[in-house]
*Asks:* 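First the structure, then my questions, so here it is.
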Amino acid sequence: MSIATIFEIVLAAVVLGLGIWTIVVRETYSATVGFVAYGLLVALIWVRLDAIDVALTEAAIGGGLGGVLLLGAAAQLRDSEPAVTDAAGNAVRVCAAILSALTAATLAGAVLVLPDPAPTLAPAAVSNAWATSLANPVTNVLMAFRAMDTMLEKVVLLLAIIGVWSLAPDSAWGGHPGPRHQADPHGVLVFLARLLPPIGIVVGIYVLWTGANHPGGAFQGGAILAAMWLLAIMAGLADTPPVSSRRLRLILVAGPGLFLVVGIAGLLFGSAFLSYPPAQAKPLILAIEVAMILTIAATLGLLLAGAPERRTGQ
Amino acid sequence: MSLLGDIITIVAVSAGAFFFLAGTVGLLRFPDTLTRLHALTKADNLGLGLVVLGLLPQAASLRDGFKLVSIWLLGLLAGATVSQLIARAARQGESAR
Amino acid sequence: MALKAASRAAWFLCLWLVLAGADPADIPAAAAAIAAATWTSLRLLEPSTARRSVRAIGQLVLLFLYHSVVAGTDVARRALDPRLPLRPGFVAYPTRLSSGIRRNVFTTLTSLLPGTVPTGEENGQLVYHCLDVEQPVVAELAAEEAALVRALYND
Amino acid sequence: MSGVTVFGLCAAAAVGLGLYGLITNPQPLRKIIAFNLLGSGVFLLFGVIGRRGAAAGMGNDPVPQALVITGVVVAFSATALAIALVLRLFQTTGSTTLSNAAPSGTGSNPSGD
């Protein structure tokens, strides 16, 4: 047994242990902390699986922003905890345990009898890379070969933000999402929020730019930019824009909008919906990615801020 | 040259791992939040610094070396500021009790 | 002001070069990143007017590295000692640095000093939590403050 | 047994754990966490299958990778929406349970606006 395999077994065991902890621990807050640690270690598993693009996404969005979201909610709901008494009965527990064990066993069996050699689309993705002149095959799949998925996913982001906003009480509609944060102006949080965002902006734009040829892209870069924005908001140095702001709405639809325009142009002048002419593929994809990173950063940040709570001008 | 580099790597990374281990022992043994913070910030920053120092001889280029050093600097900044935030919350929690 | 902006932009250019390397094809992205970062940086953090001394900054860095090693060794020794030699407590340190960024820089630096963690301010004094209150903490903090003032805030 | 298989089994167990938590935990927030655990197990299965399909100089098949990246973002949006719903429920009724007794019991325990 090699050292690598021992490391992998230990990693898998720790991840599973954290998974069990998040399910069985009594306090919801502890469960969320466990889930954040779980997400970061799962990112390590993705590194071991040689999927660096996914590892970056998982660490930034799954572990990082998702963790902030869950921790914030758990902190707000902390007081409601003792009121909950209607835990599942023993019969339900036993049935759920049997069902879950069966599901897990079936999946484990499926993993063990996967065909050898495994089917793969990697050669097809690599041999068609000339069509876009991007060297990162994952970006090629995201932006060209399965561009439809990526475009629809932007629409899902939009729908989610509309859903969150529509939960606002009538009196707050059109106002700023989330509470106005106020921190000690001489405190350390404000200090960090003054120092870090410029560095994060350089790193975020670099991650977007390098995504053409190396692991990275609009999702990972957008998550970094969103995190910097949120840091400034939490330190009280910036405020969320009111949801009635036209500029904000323009940014939110920029990504999917440009994607759609390019797609329809492909339908009219090219061979199919979302087909890029190979000569212009790279600049077109870059333009879409720039629009997308703005949309992604704004949407992720606003999803974390939550529903509008305050009227404009209050 | 490469032998010297490898020796530096082995010594420094082992020392870094030792400080991480000591920091974790402190995290488990120290009595309260504030003393545990000492264990984490001090020992882990030194541990990370030593690991970075140990990896420098293995860096393929000067740029990779700078990347490693900037990881250490960002880690320092994060550790030093977040530890102060936790410490303030812990002290206020203590005096409120 | 323009000089300050240029010096900040130079820092971000260095960061970009470390991340991406020097490639002419990167120029549009690098320009966008540096412009956005410089603008944000000037908005968030006003340029300081104090004189800086390169030599004193070098001394501060060396002092900092030395303290990091001492601090890490000190904590490791205490953590691994079976008797767990701790005498924790709070120490107030009256600083002459002005409130705000300068104090923040100071507390961030001193959070790496052996045996101290800054825990905020009370009545204008910085409150430090110490692993061992019998160590000469206040004297060490004063030495660190003097080094910081010589390096960055000599006005 | 190779490392890839170990992660495959880990992913299968995560799906089972998530399913169990989703059914048995009464609090909506815990259900959301359990659902995310389930989802991350499914994503990991994709990753394991993509790793086995490593070819053409790539360590992992890019197609499942791209699908998982899309999936992670969609899961995040769904989580954000679900959490917003739970918080709104808590604000209006003062309770975070979805039990049958909630509609009649809410009047006695209003703490939100």
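Numbered from 1 within each chain, the chains take letters A, B, ... in sequence-line order.
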*Asks:* Could you check whether any side-chain N or O of D:R30 sits under 3.5 Å from a backbone N or O of A:T22, counting only pairs where one atom can act as donor and the other as acceptor?
*Replies:* yes
*Asks:* Can you say whether D:V15 sits under 4.5 Å from chain A via the side chain, the backbone, both, or neither, judging by heavy atoms?
*Replies:* side chain
*Asks:* With heavy-atom distances below 4.5 Å as the criterion, would you say the side chains of A:S100 and D:L17 are in contact?
*Replies:*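 No - every pair of side-chain heavy atoms lies 4.5 Å or more apart.
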*Asks:* Considering only heavy atoms from C-beta outward, does the side chain of A:W46 approach that of D:Q65 to under 4.5 Å?
*Replies:*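 Not in contact.
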*Asks:* Which region of D:L22, side chain (C-beta onward) or backbone (N, CA, C, O), has a non-hydrogen atom less than 4.5 Å from a non-hydrogen atom of chain A, or is it both or neither?
*Replies:*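 When you check distances to chain A, no heavy atom of D:L22 falls under 4.5 Å.
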*Asks:* With only heavy atoms counted, which part of A:V68 is less than 4.5 Å from chain D, the side chain, the backbone, both or neither?
*Replies:* neither
*Asks:* What part of D:F7 is in contact with chain A, defined as an atom under 4.5 angstrom from a non-hydrogen atom: side chain, backbone, both or neither?
*Replies:*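 Answer is side chain: those atoms of D:F7 sit under 4.5 Å from chain A.
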*Asks:* Select one option (side chain, backbone, both, neither) describing which atoms of A:T32 are under 4.5 Å from chain D's heavy atoms.
*Replies:*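 Looking at A:T32, backbone and side chain both touch chain D.
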*Asks:* Just so I understand: if I count every heavy-atom pair under 4.5 Å between each of A:V42, A:L102, A:L70 and chain D, which residue has the most?
*Replies:* A:L70
*Asks:* What's the separation between atom CG in A:L167 and atom CG in D:L81, rounded to the nearest 0.5 Å?
*Replies:* 6.5 Å
*Asks:* So, taking the atom named CG in A:L303 and the one named OG in D:S77, what distance separates them when rounded to the nearest 0.5 Å?
*Replies:* 6.0 Å
*Asks:* For D:I33, is it the side chain, the backbone, both, or neither that has a heavy atom closer than 4.5 Å to a heavy atom of chain A?
*Replies:* both
*Asks:* Which residue out of A:V156, A:L69, A:L56, A:V24 racks up the most heavy-atom pairs below 4.5 Å with chain D?
*Replies:* A:L69
*Asks:* Rounded to the nearest 0.5 Å, what separation is found between the CG atom of A:L300 and the CZ atom of D:F76?
*Replies:*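 So the CG of A:L300 and the CZ of D:F76 are separated by 5.5 Å.
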*Asks:* Which pairs, with at least one residue in residues 50-72 of chain A and sequence neighbours excluded, count as a salt bridge (Lys or Arg N to Asp or Glu O under 4.0 Å)?
*Replies:*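 For residues 50-72 of chain A: A:D50-D:R51.
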*Asks:* Could you have a look at A:L159, A:T299, A:L107 and say which one has the most heavy-atom pairs with chain D under 4.5 angstrom?
*Replies:*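 Among the listed options, the one with the most contacts to chain D is A:L107.
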*Asks:* Could you tell me which portion of D:L44 (side chain, backbone, both or neither) has an atom closer than 4.5 angstrom to a non-hydrogen atom of chain A?
*Replies:*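 Both the backbone and the side chain of D:L44 come within 4.5 Å of chain A.
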